[in-house]
J.: 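Quick one: the structure is below, questions incoming.
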Amino acid sequence: MPGHDHDHPHDHDHSELSETQLRVRALETVLTEKGYVDPAALDLLIETYEKKVGPRNGARVVAKAWADPVYRARLLKDGTPAIAAVGYAGRQGEHIVVLENTPKLHNMVVCTLCSCYPWPVLGLPPVWYKSAPYRSRAVADPRGVLADFGVTLPKDTEIRIWDSTAEIRYLVLPMRPEGTDGWSEEKLAELVTRDSMIGTGLPKAPKDLK
Amino acid sequence: MTDGAQDMGGVKGFGPVKPEPNEPVFHGEWERRAFALTLAMGKPGGWNIDMSRSARENRPNDEYLSMSYYQIWLAGLETLMKERNLVSDDEIEAQHSLHPPKSLPVLSSDDVVKTLHRGGPTERTPRAPAQFKAGDRVRMKTINPPTHTRLPRYVRGHIGIVERVIGCHVFPDSNAIGKGEDPQWLYTVVFDGRELWGAEAETGTTVSVDAWEPYMEKAR
(Lines give C-alpha, C1' and ligand atoms only; values in the text may rest on other atoms or scores of the structure.)
Protein backbone atom coordinates (compact mmCIF):
# COMPACT_ATOMS: atom_id res chain seq x y z
CA MET A 1 0.00 0.00 0.00
CA PRO A 2 2.57 2.61 -1.00
CA GLY A 3 1.97 6.22 -0.33
CA HIS A 4 -0.97 6.17 2.01
CA ASP A 5 0.58 6.24 5.48
CA HIS A 6 0.40 10.00 5.44
CA ASP A 7 -3.30 9.94 4.79
CA HIS A 8 -4.50 7.47 7.33
CA PRO A 9 -6.93 9.35 9.50
CA HIS A 10 -8.26 7.48 12.50
CA ASP A 11 -10.26 10.49 13.39
CA HIS A 12 -11.41 13.44 11.42
CA ASP A 13 -9.99 16.40 13.25
CA HIS A 14 -9.06 19.63 11.52
CA SER A 15 -5.39 18.83 11.01
CA GLU A 16 -6.27 15.62 9.13
CA LEU A 17 -8.68 17.51 6.97
CA SER A 18 -6.14 20.17 6.14
CA GLU A 19 -3.64 17.43 5.32
CA THR A 20 -6.07 16.12 2.74
CA GLN A 21 -6.68 19.62 1.44
CA LEU A 22 -2.94 20.19 1.05
CA ARG A 23 -2.53 16.85 -0.66
CA VAL A 24 -5.20 17.63 -3.24
CA ARG A 25 -3.68 21.05 -3.88
CA ALA A 26 -0.22 19.54 -4.32
CA LEU A 27 -1.52 16.91 -6.73
CA GLU A 28 -3.39 19.45 -8.78
CA THR A 29 -0.30 21.65 -9.04
CA VAL A 30 1.95 18.75 -10.06
CA LEU A 31 -0.52 17.41 -12.61
CA THR A 32 -1.13 20.84 -14.08
CA GLU A 33 2.60 21.57 -14.34
CA LYS A 34 3.08 18.26 -16.12
CA GLY A 35 0.32 19.16 -18.52
CA TYR A 36 -1.74 16.09 -17.61
CA VAL A 37 -4.80 18.12 -16.65
CA ASP A 38 -6.37 21.21 -18.20
CA PRO A 39 -7.49 23.51 -15.36
CA ALA A 40 -10.43 24.72 -17.48
CA ALA A 41 -11.58 21.11 -17.88
CA LEU A 42 -11.47 20.63 -14.10
CA ASP A 43 -13.63 23.70 -13.58
CA LEU A 44 -16.10 22.53 -16.21
CA LEU A 45 -16.35 19.04 -14.66
CA ILE A 46 -17.13 20.58 -11.28
CA GLU A 47 -19.62 23.05 -12.71
CA THR A 48 -21.38 20.28 -14.65
CA TYR A 49 -22.06 18.12 -11.60
CA GLU A 50 -22.62 20.98 -9.18
CA LYS A 51 -24.92 23.09 -11.34
CA LYS A 52 -26.29 21.13 -14.30
CA VAL A 53 -26.60 17.42 -13.61
CA GLY A 54 -28.74 16.57 -10.60
CA PRO A 55 -32.01 15.06 -9.39
CA ARG A 56 -34.06 17.72 -11.20
CA ASN A 57 -33.18 15.78 -14.37
CA GLY A 58 -34.68 12.59 -13.01
CA ALA A 59 -37.70 14.48 -11.70
CA ARG A 60 -38.45 15.66 -15.24
CA VAL A 61 -38.28 12.09 -16.50
CA VAL A 62 -40.60 10.85 -13.74
CA ALA A 63 -43.08 13.70 -14.26
CA LYS A 64 -43.18 13.00 -17.98
CA ALA A 65 -43.88 9.32 -17.28
CA TRP A 66 -46.68 10.30 -14.88
CA ALA A 67 -48.24 12.62 -17.44
CA ASP A 68 -47.78 10.58 -20.60
CA PRO A 69 -48.74 6.86 -20.62
CA VAL A 70 -47.02 6.25 -23.95
CA TYR A 71 -43.75 7.67 -22.62
CA ARG A 72 -44.17 5.72 -19.41
CA ALA A 73 -44.44 2.44 -21.34
CA ARG A 74 -41.38 3.35 -23.41
CA LEU A 75 -39.41 4.31 -20.30
CA LEU A 76 -40.19 1.06 -18.51
CA LYS A 77 -39.43 -1.03 -21.58
CA ASP A 78 -36.02 0.49 -22.32
CA GLY A 79 -34.90 3.25 -19.99
CA THR A 80 -31.68 4.44 -21.64
CA PRO A 81 -33.11 5.67 -24.99
CA ALA A 82 -36.28 7.02 -23.37
CA ILE A 83 -34.18 9.08 -20.94
CA ALA A 84 -31.82 10.17 -23.73
CA ALA A 85 -34.88 11.48 -25.59
CA VAL A 86 -35.39 13.93 -22.72
CA GLY A 87 -31.73 14.93 -22.99
CA TYR A 88 -29.95 12.93 -20.29
CA ALA A 89 -27.27 10.37 -21.10
CA GLY A 90 -23.67 9.38 -20.60
CA ARG A 91 -21.26 8.65 -17.82
CA GLN A 92 -22.66 6.37 -15.10
CA GLY A 93 -25.94 6.18 -16.99
CA GLU A 94 -24.89 4.18 -20.01
CA HIS A 95 -27.40 1.42 -19.25
CA ILE A 96 -30.40 2.64 -17.24
CA VAL A 97 -33.27 0.43 -16.11
CA VAL A 98 -36.38 2.09 -14.66
CA LEU A 99 -38.22 0.32 -11.83
CA GLU A 100 -41.93 0.91 -11.37
CA ASN A 101 -43.31 1.21 -7.85
CA THR A 102 -46.87 -0.06 -7.38
CA PRO A 103 -49.13 -0.49 -4.34
CA LYS A 104 -47.83 -4.09 -4.16
CA LEU A 105 -44.15 -3.52 -4.89
CA HIS A 106 -41.64 -0.95 -3.62
CA ASN A 107 -38.20 -0.80 -5.25
CA MET A 108 -35.08 0.45 -3.50
CA VAL A 109 -31.60 0.79 -5.01
CA VAL A 110 -28.21 0.33 -3.36
CA CYS A 111 -24.61 -0.37 -4.30
CA THR A 112 -23.22 -2.58 -1.54
CA LEU A 113 -19.76 -2.75 -3.15
CA CYS A 114 -19.11 0.94 -3.83
CA SER A 115 -21.33 3.86 -4.85
CA CYS A 116 -22.89 3.09 -8.27
CA TYR A 117 -25.62 5.63 -8.96
CA PRO A 118 -27.35 6.93 -12.13
CA TRP A 119 -25.46 10.22 -12.55
CA PRO A 120 -27.23 11.65 -15.62
CA VAL A 121 -30.61 11.59 -13.89
CA LEU A 122 -29.70 11.96 -10.20
CA GLY A 123 -26.30 13.68 -10.20
CA LEU A 124 -23.63 12.58 -7.73
CA PRO A 125 -24.74 10.40 -4.81
CA PRO A 126 -25.30 11.87 -1.35
CA VAL A 127 -22.93 10.87 1.46
CA TRP A 128 -25.46 8.53 3.08
CA TYR A 129 -25.80 6.51 -0.15
CA LYS A 130 -22.04 5.87 -0.09
CA SER A 131 -21.95 5.22 3.67
CA ALA A 132 -21.42 1.91 5.42
CA PRO A 133 -24.78 2.01 7.26
CA TYR A 134 -26.79 2.24 4.03
CA ARG A 135 -24.65 -0.14 1.99
CA SER A 136 -24.66 -2.78 4.72
CA ARG A 137 -28.28 -2.62 5.84
CA ALA A 138 -30.28 -1.91 2.69
CA VAL A 139 -30.12 -5.53 1.54
CA ALA A 140 -30.81 -7.12 4.92
CA ASP A 141 -33.03 -4.66 6.77
CA PRO A 142 -34.82 -2.53 4.16
CA ARG A 143 -37.75 -1.61 6.40
CA GLY A 144 -35.32 -0.54 9.11
CA VAL A 145 -33.48 1.63 6.61
CA LEU A 146 -36.76 3.12 5.39
CA ALA A 147 -37.59 3.93 9.02
CA ASP A 148 -34.32 5.91 9.21
CA PHE A 149 -35.79 8.03 6.41
CA GLY A 150 -39.14 8.31 8.20
CA VAL A 151 -40.85 6.07 5.66
CA THR A 152 -43.27 3.30 6.65
CA LEU A 153 -44.78 1.12 3.97
CA PRO A 154 -47.90 -1.06 4.30
CA LYS A 155 -47.10 -4.52 5.72
CA ASP A 156 -48.23 -6.28 2.56
CA THR A 157 -46.11 -4.20 0.21
CA GLU A 158 -43.29 -6.34 -1.12
CA ILE A 159 -39.87 -4.68 -1.04
CA ARG A 160 -37.34 -5.36 -3.74
CA ILE A 161 -33.74 -4.27 -3.26
CA TRP A 162 -31.61 -3.82 -6.37
CA ASP A 163 -27.88 -4.13 -5.66
CA SER A 164 -26.06 -2.30 -8.48
CA THR A 165 -23.19 -4.75 -8.84
CA ALA A 166 -22.62 -4.20 -12.59
CA GLU A 167 -22.84 -1.20 -14.93
CA ILE A 168 -26.63 -1.22 -15.02
CA ARG A 169 -27.98 1.85 -13.23
CA TYR A 170 -31.43 1.84 -11.66
CA LEU A 171 -33.95 4.66 -11.38
CA VAL A 172 -37.13 4.19 -9.36
CA LEU A 173 -40.37 5.46 -10.90
CA PRO A 174 -42.41 6.33 -7.80
CA MET A 175 -46.21 6.23 -7.72
CA ARG A 176 -47.95 9.41 -8.81
CA PRO A 177 -49.43 11.14 -5.76
CA GLU A 178 -53.20 11.38 -5.40
CA GLY A 179 -54.88 14.68 -6.12
CA THR A 180 -52.70 15.63 -9.08
CA ASP A 181 -55.13 15.06 -11.96
CA GLY A 182 -54.60 17.47 -14.79
CA TRP A 183 -51.27 18.79 -13.41
CA SER A 184 -48.62 19.90 -15.89
CA GLU A 185 -45.31 18.04 -16.11
CA GLU A 186 -43.55 21.05 -14.61
CA LYS A 187 -45.81 21.05 -11.57
CA LEU A 188 -45.65 17.26 -11.21
CA ALA A 189 -41.82 17.44 -11.26
CA GLU A 190 -41.93 19.59 -8.11
CA LEU A 191 -43.33 16.58 -6.24
CA VAL A 192 -40.48 14.27 -7.23
CA THR A 193 -37.73 14.04 -4.61
CA ARG A 194 -34.28 12.57 -5.11
CA ASP A 195 -34.93 9.92 -2.46
CA SER A 196 -38.19 8.87 -4.13
CA MET A 197 -36.11 7.96 -7.21
CA ILE A 198 -33.69 5.88 -5.10
CA GLY A 199 -36.51 4.21 -3.20
CA THR A 200 -35.64 5.55 0.25
CA GLY A 201 -38.40 8.13 0.08
CA LEU A 202 -41.81 8.87 -1.38
CA PRO A 203 -42.83 11.79 -3.59
CA LYS A 204 -44.26 14.87 -1.94
CA ALA A 205 -48.02 15.22 -1.65
CA PRO A 206 -49.75 18.25 -3.21
CA LYS A 207 -50.21 19.73 0.27
CA ASP A 208 -46.40 19.67 0.80
CA LEU A 209 -45.88 22.23 -1.97
CA LYS A 210 -45.81 25.79 -0.80
CA MET B 1 -10.37 -7.21 -3.39
CA THR B 2 -12.55 -10.16 -2.47
CA ASP B 3 -14.08 -9.94 1.01
CA GLY B 4 -12.54 -6.54 1.66
CA ALA B 5 -14.21 -3.87 3.77
CA GLN B 6 -15.94 -2.52 0.67
CA ASP B 7 -18.05 -5.70 0.45
CA MET B 8 -20.59 -4.49 3.02
CA GLY B 9 -23.91 -6.09 2.15
CA GLY B 10 -25.47 -7.56 5.30
CA VAL B 11 -22.59 -6.65 7.63
CA LYS B 12 -23.89 -5.64 11.06
CA GLY B 13 -22.82 -2.88 13.40
CA PHE B 14 -22.57 0.23 11.23
CA GLY B 15 -25.52 1.92 12.90
CA PRO B 16 -28.37 3.95 11.44
CA VAL B 17 -28.38 5.75 8.10
CA LYS B 18 -28.02 9.48 8.67
CA PRO B 19 -29.34 11.54 5.77
CA GLU B 20 -28.06 15.12 5.77
CA PRO B 21 -30.81 17.68 5.12
CA ASN B 22 -30.11 19.97 2.15
CA GLU B 23 -26.82 18.23 1.51
CA PRO B 24 -24.47 20.12 -0.85
CA VAL B 25 -23.01 18.29 -3.86
CA PHE B 26 -19.51 18.75 -2.43
CA HIS B 27 -18.43 19.33 1.16
CA GLY B 28 -15.64 21.81 0.63
CA GLU B 29 -13.31 22.80 -2.16
CA TRP B 30 -10.93 19.84 -1.84
CA GLU B 31 -13.78 17.42 -2.67
CA ARG B 32 -14.52 19.37 -5.85
CA ARG B 33 -10.88 19.21 -6.89
CA ALA B 34 -10.47 15.51 -5.94
CA PHE B 35 -13.56 14.63 -7.96
CA ALA B 36 -12.50 16.61 -11.03
CA LEU B 37 -8.89 15.37 -10.93
CA THR B 38 -10.14 11.78 -10.78
CA LEU B 39 -12.37 12.22 -13.81
CA ALA B 40 -9.83 14.23 -15.79
CA MET B 41 -6.93 11.82 -15.15
CA GLY B 42 -8.87 8.92 -16.68
CA LYS B 43 -7.77 10.05 -20.14
CA PRO B 44 -4.01 10.46 -19.68
CA GLY B 45 -3.94 7.60 -17.17
CA GLY B 46 -5.65 5.17 -19.51
CA TRP B 47 -7.04 2.98 -16.75
CA ASN B 48 -10.58 1.60 -16.83
CA ILE B 49 -13.41 1.85 -14.30
CA ASP B 50 -12.72 -1.62 -12.90
CA MET B 51 -9.08 -0.71 -12.26
CA SER B 52 -10.32 2.44 -10.52
CA ARG B 53 -12.67 0.52 -8.26
CA SER B 54 -9.98 -2.02 -7.51
CA ALA B 55 -7.48 0.72 -6.62
CA ARG B 56 -9.99 2.35 -4.26
CA GLU B 57 -10.97 -0.78 -2.39
CA ASN B 58 -7.58 -2.48 -2.30
CA ARG B 59 -6.42 -1.22 1.07
CA PRO B 60 -6.52 -2.37 4.70
CA ASN B 61 -10.02 -2.53 6.16
CA ASP B 62 -9.34 -0.03 8.94
CA GLU B 63 -8.05 2.43 6.38
CA TYR B 64 -11.01 1.97 4.02
CA LEU B 65 -13.52 2.36 6.83
CA SER B 66 -11.88 5.43 8.36
CA MET B 67 -11.66 7.43 5.12
CA SER B 68 -14.37 9.63 3.66
CA TYR B 69 -15.50 8.72 0.18
CA TYR B 70 -13.50 11.36 -1.66
CA GLN B 71 -10.45 10.49 0.46
CA ILE B 72 -10.85 6.97 -0.91
CA TRP B 73 -11.13 8.35 -4.44
CA LEU B 74 -8.01 10.43 -3.92
CA ALA B 75 -6.04 7.50 -2.53
CA GLY B 76 -7.20 5.34 -5.46
CA LEU B 77 -6.13 8.02 -7.91
CA GLU B 78 -2.69 8.24 -6.31
CA THR B 79 -2.29 4.47 -6.50
CA LEU B 80 -3.20 4.39 -10.20
CA MET B 81 -0.87 7.29 -11.02
CA LYS B 82 2.06 5.90 -9.06
CA GLU B 83 1.67 2.46 -10.65
CA ARG B 84 2.18 4.21 -14.00
CA ASN B 85 4.92 6.56 -12.78
CA LEU B 86 2.81 9.61 -13.61
CA VAL B 87 3.54 11.27 -10.30
CA SER B 88 5.89 10.46 -7.44
CA ASP B 89 6.02 11.07 -3.70
CA ASP B 90 8.88 13.58 -3.94
CA GLU B 91 6.76 15.69 -6.31
CA ILE B 92 3.74 15.63 -4.00
CA GLU B 93 6.06 16.52 -1.14
CA ALA B 94 7.62 19.41 -3.11
CA GLN B 95 4.23 20.45 -4.52
CA HIS B 96 5.92 20.76 -7.91
CA SER B 97 6.73 18.65 -10.91
CA LEU B 98 10.35 17.45 -10.53
CA HIS B 99 10.56 14.91 -13.36
CA PRO B 100 9.86 15.30 -17.07
CA PRO B 101 6.27 14.52 -18.04
CA LYS B 102 5.31 11.71 -20.38
CA SER B 103 3.57 12.54 -23.62
CA LEU B 104 -0.06 11.63 -22.98
CA PRO B 105 -3.50 12.59 -24.27
CA VAL B 106 -5.23 15.17 -22.09
CA LEU B 107 -8.90 15.91 -21.44
CA SER B 108 -9.34 19.43 -22.77
CA SER B 109 -12.22 21.62 -21.67
CA ASP B 110 -13.58 21.38 -25.24
CA ASP B 111 -13.86 17.61 -24.86
CA VAL B 112 -15.56 17.52 -21.46
CA VAL B 113 -19.17 17.64 -22.61
CA LYS B 114 -18.84 15.04 -25.31
CA THR B 115 -16.66 12.77 -23.17
CA LEU B 116 -19.24 12.77 -20.38
CA HIS B 117 -22.05 12.30 -22.87
CA ARG B 118 -20.31 9.33 -24.45
CA GLY B 119 -19.60 7.69 -21.08
CA GLY B 120 -18.30 4.14 -21.13
CA PRO B 121 -20.90 1.66 -22.33
CA THR B 122 -19.96 -1.89 -21.30
CA GLU B 123 -22.18 -3.98 -23.59
CA ARG B 124 -20.25 -6.08 -26.11
CA THR B 125 -21.05 -8.51 -28.92
CA PRO B 126 -21.50 -12.00 -27.47
CA ARG B 127 -19.12 -14.73 -28.60
CA ALA B 128 -21.29 -17.58 -27.34
CA PRO B 129 -24.96 -18.10 -26.50
CA ALA B 130 -26.12 -17.34 -22.96
CA GLN B 131 -26.09 -20.43 -20.74
CA PHE B 132 -29.02 -19.33 -18.59
CA LYS B 133 -32.47 -17.97 -19.32
CA ALA B 134 -35.13 -16.16 -17.33
CA GLY B 135 -36.69 -18.47 -14.75
CA ASP B 136 -33.60 -20.68 -14.27
CA ARG B 137 -32.62 -21.59 -10.72
CA VAL B 138 -28.96 -20.77 -10.20
CA ARG B 139 -26.46 -20.98 -7.39
CA MET B 140 -23.88 -18.27 -6.94
CA LYS B 141 -20.47 -19.88 -6.84
CA THR B 142 -18.28 -19.77 -3.79
CA ILE B 143 -15.22 -18.02 -5.13
CA ASN B 144 -12.42 -16.15 -3.40
CA PRO B 145 -10.13 -14.64 -6.01
CA PRO B 146 -7.29 -12.59 -4.49
CA THR B 147 -8.16 -9.75 -6.89
CA HIS B 148 -11.19 -7.61 -7.79
CA THR B 149 -14.63 -9.19 -8.13
CA ARG B 150 -18.20 -7.87 -8.22
CA LEU B 151 -19.80 -10.93 -6.67
CA PRO B 152 -20.77 -9.80 -3.17
CA ARG B 153 -20.12 -12.31 -0.43
CA TYR B 154 -23.68 -12.20 0.92
CA VAL B 155 -25.01 -14.04 -2.15
CA ARG B 156 -22.20 -16.57 -2.57
CA GLY B 157 -23.45 -20.14 -2.20
CA HIS B 158 -27.08 -19.01 -2.34
CA ILE B 159 -29.78 -19.98 -4.82
CA GLY B 160 -31.62 -17.38 -6.84
CA ILE B 161 -33.78 -17.12 -9.93
CA VAL B 162 -32.61 -15.57 -13.16
CA GLU B 163 -35.04 -12.72 -13.77
CA ARG B 164 -33.50 -11.13 -16.83
CA VAL B 165 -30.77 -11.80 -19.33
CA ILE B 166 -29.25 -8.32 -19.53
CA GLY B 167 -26.71 -8.83 -22.29
CA CYS B 168 -23.03 -9.47 -22.74
CA HIS B 169 -20.89 -7.06 -20.70
CA VAL B 170 -17.25 -6.37 -19.87
CA PHE B 171 -16.14 -8.74 -17.09
CA PRO B 172 -14.69 -6.68 -14.22
CA ASP B 173 -12.74 -9.55 -12.66
CA SER B 174 -10.59 -9.63 -15.81
CA ASN B 175 -10.73 -5.97 -16.79
CA ALA B 176 -9.59 -4.78 -13.34
CA ILE B 177 -6.30 -6.66 -13.55
CA GLY B 178 -5.37 -5.71 -17.10
CA LYS B 179 -6.32 -9.06 -18.63
CA GLY B 180 -8.75 -7.58 -21.12
CA GLU B 181 -12.49 -7.07 -21.23
CA ASP B 182 -13.34 -10.78 -21.59
CA PRO B 183 -17.08 -9.98 -22.06
CA GLN B 184 -19.49 -12.36 -20.33
CA TRP B 185 -23.26 -12.72 -20.17
CA LEU B 186 -24.79 -10.65 -17.41
CA TYR B 187 -28.01 -11.52 -15.59
CA THR B 188 -30.27 -10.06 -12.95
CA VAL B 189 -30.58 -12.78 -10.32
CA VAL B 190 -33.20 -12.38 -7.59
CA PHE B 191 -33.07 -13.97 -4.13
CA ASP B 192 -35.75 -14.40 -1.53
CA GLY B 193 -34.78 -12.57 1.67
CA ARG B 194 -35.07 -15.82 3.66
CA GLU B 195 -32.60 -17.56 1.34
CA LEU B 196 -30.02 -14.90 2.22
CA TRP B 197 -30.80 -14.06 5.84
CA GLY B 198 -32.77 -17.00 7.20
CA ALA B 199 -35.97 -16.94 9.20
CA GLU B 200 -35.20 -13.47 10.58
CA ALA B 201 -35.56 -11.92 7.13
CA GLU B 202 -38.40 -9.49 6.67
CA THR B 203 -41.18 -11.31 4.86
CA GLY B 204 -41.96 -10.20 1.35
CA THR B 205 -38.42 -8.97 0.74
CA THR B 206 -36.38 -9.88 -2.30
CA VAL B 207 -32.87 -8.81 -3.27
CA SER B 208 -31.28 -8.88 -6.68
CA VAL B 209 -27.74 -8.58 -7.93
CA ASP B 210 -26.45 -8.30 -11.47
CA ALA B 211 -24.16 -11.27 -11.93
CA TRP B 212 -21.87 -12.37 -14.72
CA GLU B 213 -22.10 -15.94 -15.98
CA PRO B 214 -18.77 -17.09 -14.45
CA TYR B 215 -20.26 -16.32 -11.00
CA MET B 216 -23.15 -18.76 -11.52
CA GLU B 217 -23.91 -22.45 -11.82
CA LYS B 218 -27.11 -24.34 -12.41
CA ALA B 219 -28.84 -25.19 -9.12
CA ARG B 220 -29.93 -28.77 -8.69
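Naming convention: chains lettered A, B, ... in sequence-line order (proteins, then strands); numbering from 1 in each chain.
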J.: Which atoms of B:Phe191 come close to chain A, meaning under 4.5 Å heavy atom to heavy atom: side chain ones, backbone ones, both, or neither?
T.: neither
J.: Could you report the tightest heavy-atom contact between B:Glu202 and A:Gly144, atom names first, then the distance?
T.: OE2-N, 3.8 Å
J.: Counting only heavy atoms not in A:Arg25, do more than 12 fall under 6.0 Å of its CZ?
T.: no
J.: Which is it for B:Trp197 and A:Asp141 under the side chain to side chain contact (heavy atoms under 4.5 Å, CB included) test, yes or no, and what are the steps along the way?
T.: CA-CA 10 Å; B:Trp197 316 114; A:Asp141 180 23; over 6 Å; no
J.: Hey, what's the ring geometry for A:Tyr49 with B:Phe35, parallel, tilted or perpendicular (30° and 60° as the breaks)?
T.: perpendicular
J.: Sort A:Leu124 into side chain, backbone, both or neither according to what part of it lies under 4.5 angstrom from a heavy atom of chain B.
T.: side chain
J.: Heavy-atom distances under 4.5 Å only: say whether B:Glu123 touches chain A with side chain, backbone, both or neither.
T.: both
J.: Could you check whether A:Arg160 pairs with B:Glu163 (Lys NZ or Arg NE/NH1/NH2 to Asp/Glu carboxylate O, under 4.0 Å)?
T.: yes
J.: Any donor and acceptor pair, going by atom type alone, linking the side chain of A:His95 with main-chain N or O of B:Thr122 inside 3.5 Å?
T.: yes
J.: At what distance, to the nearest 0.5 angstrom, does CG of A:Asn107 lie from OG of B:Ser208?
T.: 8.5 Å
J.: Taking side chain as everything from C-beta outward and backbone as N, CA, C, O, which of these in A:Val97 sits under 4.5 Å from a heavy atom of chain B? Side chain, backbone, both or neither.
T.: side chain
J.: Taking only Lys NZ, Arg NE, NH1 and NH2, and the carboxylate oxygens of Asp or Glu, determine whether A:Glu94 and B:Arg118 approach each other closer than 4.0 Å.
T.: no
J.: Is it the backbone or the side chain of B:Pro172 that comes under 4.5 Å from a heavy atom of chain A, or both, or neither?
T.: neither
J.: For A:Phe149 versus B:Pro19, what's the shortest heavy-atom pair and its separation?
T.: CE2-CG, 3.4 Å
J.: Rounded to the nearest 0.5 Å, what separation is found between the OG atom of A:Ser115 and the CD1 atom of B:Ile72?
T.: 9.0 Å
J.: For atom NZ of B:Lys18, is the number of surrounding heavy atoms from other residues, nucleotides or ligands below 6.0 Å larger than 12?
T.: no
J.: Please name the pair of heavy atoms, one in B:Ala36 and one in A:Leu45, separated by the smallest distance, quoted to 0.1 Å.
T.: O-CD1, 3.6 Å
J.: As an exercise: rank B:Glu31, B:Glu29, B:Arg56, B:Met41 by heavy-atom pairs under 4.5 Å with chain A and give me the winner.
T.: B:Met41
J.: Flag the pair B:Arg53 / A:Cys116 as yes when at least one side-chain heavy-atom distance between them is below 4.5 Å, and no otherwise.
T.: yes
J.: Side-chain donor-acceptor pair under 3.5 Å between A:Thr112 and B:Tyr154, yes or no?
T.: no
J.: Report the option among B:Gly13, B:Ala40, B:Pro16, B:Pro105 that has the most heavy-atom pairs separated by less than 4.5 Å from atoms of chain A.
T.: B:Pro16
J.: Return yes if some donor-acceptor pair links the side-chain N/O of A:Thr165 with the main-chain N/O of B:Asp210 below 3.5 Å, else return no.
T.: yes
J.: Need one label for B:Tyr64: side chain, backbone, both or neither, based on atoms under 4.5 Å from any heavy atom in chain A.
T.: side chain
J.: Report which part of B:Arg164 has an atom under 4.5 Å of a heavy atom belonging to chain A: side chain, backbone, both, or neither.
T.: side chain
J.: Determine, step by step, whether B:Leu196 and A:Val139 satisfy the side chain to side chain contact (heavy atoms under 4.5 Å, CB included) criterion, reporting the C-alpha distance in whole Å, the side-chain angles of both residues, the deciding distance to 0.1 Å, and the verdict.
T.: CA-CA 9 Å; B:Leu196 299 176; A:Val139 289; over 6 Å; no
J.: Just checking heavy atoms, which of residues 75-90 of chain A are less than 4.5 Å from chain B?
T.: A:Ala89, A:Gly90
J.: Side chain, backbone, both or neither: which part of A:Leu31 has a non-hydrogen atom closer than 4.5 Å to chain B?
T.: side chain
J.: Under a 4.5 Å cutoff for heavy-atom pairs, which residue among A:Leu44, A:Thr32, A:Asp148 has the most contacts with chain B?
T.: A:Asp148
J.: I need the minimum non-hydrogen distance between A:Arg137 and B:Val17, along with the two atoms involved.
T.: NH1-N, 3.6 Å
J.: Pairing donors with acceptors under 3.5 angstrom, does anything connect the side chains of A:Thr20 and B:Gln71?
T.: yes
J.: Of all of A:Ala40, A:Cys114, A:Cys111, which one pairs up most often with chain B through heavy atoms under 4.5 Å apart?
T.: A:Cys114
J.: For the side chain of B:Trp30 and the backbone of A:Ser18, is there at least one donor-acceptor N/O pair under 3.5 Å apart?
T.: no
J.: Taking A:Leu42, A:Val24, A:Asp163, A:Leu113 one by one, which has the highest count of heavy-atom pairs under 4.5 Å against chain B?
T.: A:Leu113
J.: Please assess B:Arg150 against A:Ser164 for the test side chain to side chain contact (heavy atoms under 4.5 Å, CB included), listing each intermediate value before the final yes or no.
T.: CA-CA 10 Å; B:Arg150 295 290 288 181; A:Ser164 316; 5.9 Å; no
J.: Heavy-atom distances under 4.5 Å only: say whether A:Asp195 touches chain B with side chain, backbone, both or neither.
T.: neither
J.: Does this structure show an ion pair linking A:Arg135 with B:Asp7, if we count only N-O contacts that are shorter than 4.0 Å?
T.: no
J.: I'd like to know if the side chain of A:Asp38 reaches the main chain of B:Ser109, judged simply by a donor and an acceptor atom lying under 3.5 Å from each other, with no hydrogens or angles considered.
T.: yes
J.: Under a 4.5 Å heavy-atom cutoff, which of B:Arg33, B:His117, B:His99, B:Gln95 has the most pairs with chain A?
T.: B:Arg33
J.: Can you spot which of A:Glu47, A:Glu50, A:Glu28 makes a salt bridge (charged side-chain N to carboxylate O under 4.0 Å, His left out) with B:Arg32?
T.: A:Glu50
J.: Most heavy-atom pairs under 4.5 angstrom with chain B, which of A:Lys34, A:Glu158, A:Glu167?
T.: A:Lys34
J.: Evaluate the criterion side chain to side chain contact (heavy atoms under 4.5 Å, CB included) for residue pair A:Gln92 and B:Leu116; output intermediate values, then yes/no.
T.: CA-CA 9 Å; A:Gln92 287 301 306; B:Leu116 293 176; over 6 Å; no
J.: Counting only heavy atoms not in B:Glu93, do more than 12 sit closer than 6.0 Å to its CD atom?
T.: no
J.: Considering only heavy atoms and a distance below 4.5 Å, find which of B:Leu107, B:Leu39, B:Thr188 pairs most often with chain A.
T.: B:Leu39
J.: Using only heavy-atom distances, determine whether the side chains of B:His96 and A:Glu33 contain a donor-acceptor pair under 3.5 Å.
T.: yes
J.: Based on non-hydrogen pairs under 4.5 Å, which of B:Val87, B:Leu104, B:Leu86, B:Leu186 is most in contact with chain A?
T.: B:Leu86
J.: How close do A:Gly35 and B:Val106 get, counting heavy atoms only, and between which atoms?
T.: O-CG2, 3.0 Å
J.: Is B:Lys102 close enough and on-axis enough to A:Tyr36, meaning under 6.0 Å and within 45°, for cation-pi?
T.: no
J.: Looking at A:Val53, A:Asp43, A:Thr200, A:Val127, which one has more heavy-atom pairs under 4.5 Å with chain B than the rest?
T.: A:Val127
J.: Under 4.5 Å, counting heavy-atom pairs only, tell me which of A:Leu27, A:Thr29, A:Val110 racks up the most with chain B.
T.: A:Leu27
J.: Quick check: closest heavy atoms across B:Val112 and A:Ala41, and the distance to 0.1 Å?
T.: CG2-CB, 3.8 Å
J.: Identify which of B:Gly45, B:Pro44, B:Gly120 forms the greatest number of heavy-atom pairs closer than 4.5 Å to chain A.
T.: B:Gly120
